[in-house]
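Structure record follows, encoded as structure tokens.
Counting starts at 1 for both ligands and their atoms, in listed order.
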Amino acid sequence: MRVDDLCEAFRGSEFPAQGVDAHPDRASVKTARSAVESAVIDEEFLVDCMRRELRLIEANTPRRGLTPFFIIPDFGIRIAFGYWPPGATPGAHEHTAWTITAVCRNRLEVLTYDREESYKRQELVPRNRFNAGAGRVGYIYEPSIHKPKNISTAWSMSLHVSSPRDGQPLADDDRPFPAFTDDDLPSSGGARLTGRFPAALEDDRDDPQLIATLARRQRGRVRGLTRVLAEIDMPGVPELLARCFVLADPATRDFIARMDRRIPHISEPDSMSTD
Ligand SMILES: [Fe+2]
């Protein structure tokens, strides 16, 4: 299975065309969730996604939050990877349209909040807490607030298939979002952020601290991809690992060079430079 096959699943569904001011019905989102469920356990699909993601990383476009490596034509549906070092969380945030989230590697803890009560009381009101392991695929249909976190000591990776309308203001947008802070996000300085999922911060492109943070995150993405690719034995993977090598930090380069498989264009470990 490849990304194009997932696109076919959407083409045969009732999702509104791109630009149409409508949401799909719940049954369509559940059907799409099933398609994603089959996809994320398929290594060929994951490799195809990672090939596209690497292209995005190589383009070195500043990004923050979920940046799609592919947008399904005709529907505008976004497909993106999420990377989770140990302890990582984007903080509590709100999805304003449907989204499907799959755990690809390791696991995530997800806290959900009672959206209505949270707005009413102006504080986050917990509702549920669950652990999602690799292969678990959940979906959000109505606007929701949640907080995923990697509470493990290993890296996690997730795949997100989202409505083009996710992040758009809702009719009740005039109410302030229940306050939260997130020191993990650059430029926030611990200040209150909007509740909507953070988008690219084009205005901050000249901020050296942000540039350094974005570069560190790019290397973190490459490290995450490398670890996943290292576990997959398929044609095409060595070539992707060679591309990761070019973008990686020294420790990841060392990891790739010492792998027990032939990676094109990479010398023997003893003769390679890792600076
Ligand atoms: Fe989310």
_Suppose we only count N/O/S atoms under 2.8 Å; would His160 qualify as near the Fe ion (ligand 1)?_
no
*hydrophobic_cluster_shared for Val161 and Val110, side chain cutoff 4.5 Å*: no
*Can you name the N/O/S atom of His95 that is nearest the Fe ion (ligand 1)?*
NE2
*When you measure from the Fe ion (ligand 1) to each N, O or S atom of His93, which atom gives the shortest distance?*
NE2
*Output the atom name for the N/O/S atom of His146 with the smallest distance to the Fe ion (ligand 1).*
NE2
*Consider only side-chain N and O atoms of Ser163 and Asp166, and report whether a donor and an acceptor are under 3.5 Å apart.*
no
*Could I get the full list of side-chain hydrogen bond (donor to acceptor under 3.5 Å, both in side chains) partners for Glu117, not counting sequence neighbours?*
Lys120, Arg121
*Applying side-chain hydrogen bond (donor to acceptor under 3.5 Å, both in side chains), name anything that partners Ser162, two or more places apart in sequence or on another chain.*
Thr99
